[in-house]
Engineer: 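One structure follows; several queries about it will come next.
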There are 2 protein chains.
Amino acid sequence: MSLPPTGPEPGPAAPARPGRLQMADIARIAGVSVATVSRALNGSTEVSAATRQRITELARSLNYTINVSAKNLRLRHNRTVAVVIPYDRQTRLHVSDPFFLSMLGSLADALTDRGHDMLVSRIDADQLETASQSYDSGTALGIIMIGQWHSHEQLNRLADQGVPLVVWGAQLPQQRYCSVGGDNLGGGRMATRHLIERGCRRFVFLGDPTTPESALRLRGHQQELAEAGLGPEACRVLAVGFDAARARTEVGRLLEQGVDFDAVVACSDVLATAVVPVLRLHGREVPRDVAVVGYDDIEWASHADPPLTTVRQPVARAGVEMVEALLERVAGRDAPPRTLPVELVVRQSSMR
Amino acid sequence: MSLPPTGPEPGPAAPARPGRLQMADIARIAGVSVATVSRALNGSTEVSAATRQRITELARSLNYTINVSAKNLRLRHNRTVAVVIPYDRQTRLHVSDPFFLSMLGSLADALTDRGHDMLVSRIDADQLETASQSYDSGTALGIIMIGQWHSHEQLNRLADQGVPLVVWGAQLPQQRYCSVGGDNLGGGRMATRHLIERGCRRFVFLGDPTTPESALRLRGHQQELAEAGLGPEACRVLAVGFDAARARTEVGRLLEQGVDFDAVVACSDVLATAVVPVLRLHGREVPRDVAVVGYDDIEWASHADPPLTTVRQPVARAGVEMVEALLERVAGRDAPPRTLPVELVVRQSSMR
DNA sequence: CTGAAAGCGCTAACAG
DNA sequence: CTGTTAGCGCTTTCAG
């Protein structure tokens, strides 16, 4: 404790970028203490306006940027949000699905607008627990998850651990995390109603009814059938997950078996566009023989062949809402689940 | 220095998450010093295998995660890579373009595989200088930029500042950063050659020839025309950027002016699929009257109407190569530019 | 209004 | 093999 300042400094072995400017440097140059610099840079009113401006300008001209690790360490918090994209080997829907990708873009925008960084990671749905790491380790102040899948319980557990968590998906009973999602029940209903109005009577439903979102859409579908006086036998559910290839196979098989139907209700635009060629192959024209409705309204749904009727999800708004909800949670406030309205976009694929 | 341990601890005002486990905690529980814990957790051979395992298991069972800020601060480095998506108001191509989005996915995978985090940000192309902030502030160990646009000089400047930087784009003369990109010249050539073989003679080129990548594709296009004995008048260049709406307008105008052509070479699949309806509107059938070739081979190019012939960019590989190159730079080694082979995928849109 | 000093959670000499 | 100790770059009492 009172040893003479001998020897070489310990210093880490790390290469320590040499020219890296730090507060001490600009303090020295400005002829003030680091405390003052810190205060000035943080806009504290405890420094005279003059010094504050002088220091701010100096820092800017020197291109100084604060060391975020040090700041975070000292403040014991940070401004980065972890966005995790679970990938589920079973349903095969992963980051490459255009819808999820556009959600990422939307989140990037919303987060940037509010001055936050976005840390993106893909996590195997089977080990979603690890998602909390970025929070536990102080890397992120909270987590936004794109997709709920079958992970309801795991998500609840995360929330119980106190992880600020917002999930894109359906609102479920006994849910202890915050969900933000489209109105899946409504989406399912409006797609079906539209089809019924176009005279369709025998339906094929494409999706993964074991996930909450698809299940809700299916329920909406069935409600609408019932209201039209159609029994459950009016709909054939094909549990193909979000796997386009599988959708093709299954629909093909149905056709080969001679099963007849005049409408396809799909849980994603990718699924919907994927089966169109199969229908054609079996001599069914879209929309003449079979009307097709997708879900999401990804950008090129309008360029599909034929242009796809679909249920539009409010992607841009979704990002904003999820971020808002997360920040509420982070602030310790309650964030009720949010359900966003969806909208039927009618194009050719259903106009028979 | 020898004051009695008086007074309340200063402590930050920050709410400091209470239960947050730290090394000291597990050290106490294990009955060792934090140094030992640190060593054990970092797999140092300086601790006995026994203690190492004991500590590792304890930490795991307690769900302890190391504080990354502290570690980074001490080590003076970190494991996160900043991925920036410049958005150019002029060309209008931004994060929502499926190609860029899939690139993001590819990078996420490659980065995860190598144990790195991915920090995503969108930056206005006009102020690309700010991209270095995440590096300067010690938040990221380097930067991967998706898209080169018109920023060659700014990128050079970043590189000069010593920022480890890898850019998806074309290799340019006097380039001081590392670029990774598809073979744009080759791509332009193979698209054109194919079209010429299908009997096309009057071309429309859609893109932004002022960006290096598109310029190279155009050059390849023109080379191929020349080799086929066609003069430069055989091609009409429509500088529409990456704006689908604008592409529609411009192509429509051409048609109204009575300009005739039998092939469209587009710089993205989005552009290519966008103009098909316009052609039809003016009585041109694709591919019968006009053959169309896109670029990128985004996933649903095969679902387009008609299925789109296009130049496939090696997205998955792109991610891996960019990450590799960046890590080379970070390690202080030289990373030569890389050009990745592209491939023509022939589908219906060009088969006349 | 400004400076001195303590300490955020971790790693790495350096000594035992 | 393990503990002690000195910081990494910053913010914030507390004292002037």
Side-chain angles (χ1 to χ4, degrees), chain A residues 1-3 5-17 20-28 30-52 54-55 59 64-78 136-139, chain B residues 1-3 5-17 20-28 30-52 54-55 59 64-78 136-139:
Chain A
M1 214 159 215
S2 49
L3 293 175
T6 59
E9 325 182 52
R17 186 146 60 97
R20 210 147 183 152
L21 228 46
Q22 36 187 101
M23 239 178 218
D25 296 318
I26 89 135
R28 195 168 11 79
V32 296
S33 71
V34 293
T36 302
V37 175
S38 171
R39 285 191 273 247
L41 261 26
N42 287 302
S44 159
T45 52
E46 289 190 7
V47 277
S48 71
T51 11
R52 193 180 343 152
R54 188 165 59 91
I55 292 180
Y64 167 76
T65 345
I66 203 163
N67 181 313
V68 176
S69 285
K71 180 174 191 144
N72 288 348
L73 179 58
R74 172 68 226 220
L75 255 27
R76 290 135 140 260
H77 74 236
N78 61 263
D136 294 330
S137 68
T139 306
Chain B
M1 214 158 217
S2 50
L3 293 175
T6 60
E9 324 183 50
R17 187 147 58 96
R20 210 148 183 150
L21 229 44
Q22 37 186 98
M23 242 181 217
D25 297 317
I26 90 136
R28 195 168 11 79
V32 296
S33 72
V34 292
T36 301
V37 176
S38 171
R39 285 191 274 248
L41 261 26
N42 286 302
S44 160
T45 53
E46 289 189 10
V47 278
S48 71
T51 17
R52 194 182 341 156
R54 187 165 60 89
I55 293 180
Y64 167 76
T65 343
I66 202 165
N67 181 314
V68 177
S69 285
K71 180 174 190 145
N72 288 348
L73 179 58
R74 171 68 227 221
L75 256 27
R76 287 135 141 265
H77 72 236
N78 62 262
D136 294 331
S137 68
T139 306

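We use all heavy atoms of the structure for the numbers below, so side chains are in, but hydrogens, waters and symmetry mates are not. Just so it is clear, the model here is predicted, and its values are computed rather than measured. Residue numbers start from 1 in every chain, and the chains themselves are labelled A, B, ... in the order their sequence lines are given, proteins ahead of strands.
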Engineer: Decide yes or no for A:Arg39 and A:Val32: does some side-chain heavy atom of the first lie under 4.5 Å from some side-chain heavy atom of the second?
Structural biologist: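 In short, these two side chains do not touch, never coming nearer than 4.5 Å.
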
Engineer: Give the minimum heavy-atom separation between A:Gly138 and B:Ser69, together with the two atoms involved.
Structural biologist: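 Closest approach of A:Gly138 to B:Ser69: O-OG, 4.5 Å.
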
Engineer: Between B:Gly31 and B:Ala70, who's closer to the 5' end of DNA chain D by nearest nucleotide?
Structural biologist: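 Whichever sits nearer the 5' end wins; that is B:Gly31.
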
Engineer: How close or far is atom C1' of C:dC8 from atom CG of B:Asn72, stated in whole angstroms?
Structural biologist: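 My rounded result for the distance is 14 Å.
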
Engineer: Below the 4.0 Å mark, does C:dG9 have OP1 or OP2 next to a side-chain nitrogen or oxygen of B:Tyr64?
Structural biologist: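 Looking at the OP1 and OP2 atoms of C:dG9, neither is under 4.0 Å from any side-chain N or O of B:Tyr64.
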
Engineer: Which one, C:dT2, D:dT4, D:dC10, comes nearest to the side chain of B:Ala35?
Structural biologist: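 Output: D:dT4.
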
Engineer: Please report the closest heavy-atom contact between A:Arg20 and B:Asp136, naming both atoms and the distance.
Structural biologist: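 Nearest pair, atom of A:Arg20 first, then B:Asp136: NE-O, 3.4 Å.
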
Engineer: Tell me which residues in residues 38-47 of chain B put a heavy atom below 4.0 Å from DNA chain D, sorted by number, or none.
Structural biologist: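 B:Arg39, B:Glu46, B:Val47, in order of number.
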
Engineer: Report yes if the side chains of A:Tyr64 and A:Asp25 come closer than 4.5 Å at any heavy-atom pair, otherwise no.
Structural biologist: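 A:Tyr64 does not reach A:Asp25 side chain to side chain.
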
Engineer: Just report the end-to-end axis angle for the helix from C:dC1-D:dG16 to C:dG16-D:dC1, five pairs per end, to 10 degrees.
Structural biologist: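 The angle, to the nearest 10 degrees, is 40°.
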
Engineer: Which nucleotide, D:dT2, C:dC8, C:dT2, lies nearest any side-chain atom of A:Leu73?
Structural biologist: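 Of all the options, the side chain of A:Leu73 is nearest to C:dC8.
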
Engineer: Judged by each residue's nearest nucleotide on DNA chain C, which is more toward the 5′ side, B:Val37 or A:Val34?
Structural biologist: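 Counting from the 5' end, the first nearest nucleotide belongs to A:Val34.
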
Engineer: Using whole Å, report how far CZ of B:Arg54 lies from C1' of D:dC1.
Structural biologist: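 About 13 Å, once rounded to whole Å.
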
Engineer: Just N and O in the side chain of A:Thr36: are any of them under 4.0 Å from OP1 or OP2 of C:dG3?
Structural biologist: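 Result: yes.
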
Engineer: How many angstroms lie between OG1 in A:Thr139 and CG in B:Asn72, if you round to the nearest 0.5 Å?
Structural biologist: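 Here the interatomic distance stands at 8.0 Å.
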
Engineer: Of the options C:dG9, D:dC10, C:dA5, whose atoms approach the side-chain atoms of A:Ile66 most closely?
Structural biologist: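 Nucleotide nearest to A:Ile66's side chain: D:dC10.
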
Engineer: If I take atom CZ in residue A:Arg74 and atom P in nucleotide C:dA5, what distance separates them, rounded to the nearest angstrom?
Structural biologist: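 Those two atoms, CZ and P, are 16 Å apart.
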
Engineer: Mind listing the closest non-hydrogen atom pair of B:Ala40 and B:Val47 along with its distance?
Structural biologist: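 Shortest heavy-atom contact: CA-CG2, 4.0 Å.
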
Engineer: Looking at every non-hydrogen atom in both residues, tell me the closest pair between B:Leu73 and A:Ala70 and how far apart they are.
Structural biologist: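 Shortest heavy-atom contact: CD1-CB, 3.8 Å.
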
Engineer: Within the structure shown, what part of the strands sits under 4.0 Å from B:Ser69 by heavy-atom distance: base, sugar-phosphate, or nothing?
Structural biologist: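 Counting heavy atoms under 4.0 Å across all strands, no contact is made by B:Ser69.
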
Engineer: Please tell me which of the listed nucleotides, C:dG3, C:dT11, C:dG9, lies nearest to the side chain of A:Val32?
Structural biologist: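 Of all the options, the side chain of A:Val32 is nearest to C:dG3.
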
Engineer: Taking 4.0 Å as the cut-off, does a side-chain nitrogen or oxygen of A:Lys71 come that near to OP1 or OP2 on D:dT11?
Structural biologist: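 For A:Lys71, the contact criterion (side-chain N or O under 4.0 Å from OP1 or OP2 of D:dT11) is met.
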
Engineer: Who passes salt bridge (Lys or Arg N to Asp or Glu O under 4.0 Å) against B:Arg54, sequence neighbours left out?
Structural biologist: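 Salt bridge (Lys or Arg N to Asp or Glu O under 4.0 Å) check on B:Arg54 returns nothing, list empty.
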
Engineer: Please give me the minimum heavy-atom distance between A:Thr45 and A:Arg52, naming the atom from each residue.
Structural biologist: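 In this case the closest contact between A:Thr45 and A:Arg52 is CA-NH2, 4.4 Å.
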
Engineer: Would you give the length of the straight line joining atom CE of B:Met23 to atom CZ of B:Arg28, rounded to the nearest 0.5 angstrom?
Structural biologist: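 The CZ atom of B:Arg28 is 14.0 Å from CE of B:Met23, to the nearest 0.5 Å.
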
Engineer: Tell me the interatomic distance from B:Gln22, atom CD, to C:dC8, atom P, rounded to whole angstroms.
Structural biologist: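 Rounded to whole Å, this separation is 8 Å.
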
Engineer: Within this structure, what is the CD1-to-P distance between B:Ile26 and C:dC10, rounded to whole angstrom?
Structural biologist: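 Nearest whole value for this atom pair: 10 Å.
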
Engineer: Round to the nearest Å and state the distance from A:Leu75 atom CG to D:dG9 atom P.
Structural biologist: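 Between P of D:dG9 and CG of A:Leu75: 17 Å.
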
Engineer: In whole Å, what is the span from the CZ atom of A:Arg76 to the P atom of C:dC10?
Structural biologist: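 In whole Å, C:dC10 P lies 11 Å from A:Arg76 CZ.
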
Engineer: For the pair made of CZ in A:Arg28 and C1' in C:dT2, what is the distance, rounded to whole Å?
Structural biologist: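 So the two atoms are 19 Å apart, to the nearest Å.
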
